[in-house]
Amino acid sequence: DEELFDEEKETIRKDKIGKIGEYFLSIILSEYFGFECILPKIHMQTSFNMSVYGIDVIYFSPSSNTILFGESKFTKNLCNGINLINISLDKYDQMVKDEYQLVIRSQLALTLGNSFFEKFSDVIDTTINIEEFIEKAEISKIGIPLFIMHGDDEKTIDLSNILHELDKIKRRKVLSLDTIFYIISLP
């Protein structure tokens, strides 16, 4: 029986903690922002003991024709979360390219019948990589939701300090597209 807390070792299993952050980010994107999940990443697991690597969530905004590739971190403090986010963002172009191959082109994804696949199934069928997809689907911007669920310390109790720390996230264009960052901190 898989548990979040391993009583024998008196530790929290880090591979399970990450799933909590992904789950919370998914709820926020769906319920608060009204974005549609393209494919739940849980479907990409091959076993219950294997985590899914890469981008944590993939969503779509039909109203703005924006694909969102999200990242979540569950850390002891905000600074650690920001450092981990920045490490991920350094590789984000390649990670987005890999996600296109893994998720968007998966046969499972095509059977889910959400608005993303209804709108773009013909384009997906005729493209080899995400750059081609972006051009044919006339995607002009990409969204990057970043979620940091963190413990608190004296620096992160005050809202102005949280906002100051969040400014340290390295924002840049992804795949040369206009990039909108949705930065969410949950102390």
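Position 1 is the first residue of the sequence, and the numbers go up from there. Side chains included, hydrogens not; waters and symmetry mates left out as well; all remaining heavy atoms used.
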Note, Tyr32 side chain near Ile27 side chain (heavy atom, < 4.5 Å): no

Ring centers of Phe133, Phe120 separated by less than 6.0 Å: yes

Sequence-distant partners of Asn65, side-chain hydrogen bond (donor to acceptor under 3.5 Å, both in side chains), two or more places apart: Lys119

Heavy-atom side-chain proximity of Phe147 to Ile28 below 4.5 angstrom: yes

Validation row: Phe74, Glu22 side chains within 4.5 angstrom (heavy atoms): no

Exam field: side chain Thr66 to backbone Ser64, donor-acceptor pair closer than 3.5 Å: yes

From CG (Asp158) to OG (Ser160), nearest 0.5 Å: 3.5 Å

Hphob cluster co-occupancy, Met95 + Ile139, side-chain heavy atoms under 4.5 angstrom: yes

Thr126 side chain reached by Asp122 side chain, heavy atoms, under 4.5 Å: no

Ile162 reachable from Leu84 in the ILVMFWY side-chain graph, under 4.5 Å edges: no

Any Ile38 side-chain heavy atom under 4.5 Å of Val57 side chain: no

Between Tyr59 and Phe35, ring centroids under 6.0 Å: no

Under 3.5 Å side-chain donor-acceptor pair for Tyr23 and Ser72: no

Heavy-atom donor-acceptor pair, Gln101 side chain to Ile128 backbone, under 3.5 Å: yes

Counting only pairs under 3.5 Å, give me each side-chain donor-acceptor contact of residues 172-187, with atom names and distances, residues two or more places apart or in other chains.
residue: Arg172; atom: NH1; partner: Asp93; partner atom: OD2; Å: 2.8
residue: Arg172; atom: NH2; partner: Leu89; partner atom: O; Å: 2.8
residue: Arg172; atom: NH2; partner: Asp93; partner atom: OD2; Å: 3.0
residue: Thr179; atom: OG1; partner: Val174; partner atom: N; Å: 2.8
residue: Thr179; atom: OG1; partner: Leu177; partner atom: O; Å: 2.9
residue: Ser185; atom: OG; partner: His150; partner atom: NE2; Å: 2.7

Under 3.5 Å side-chain donor-acceptor pair for Asn161 and Glu165: no

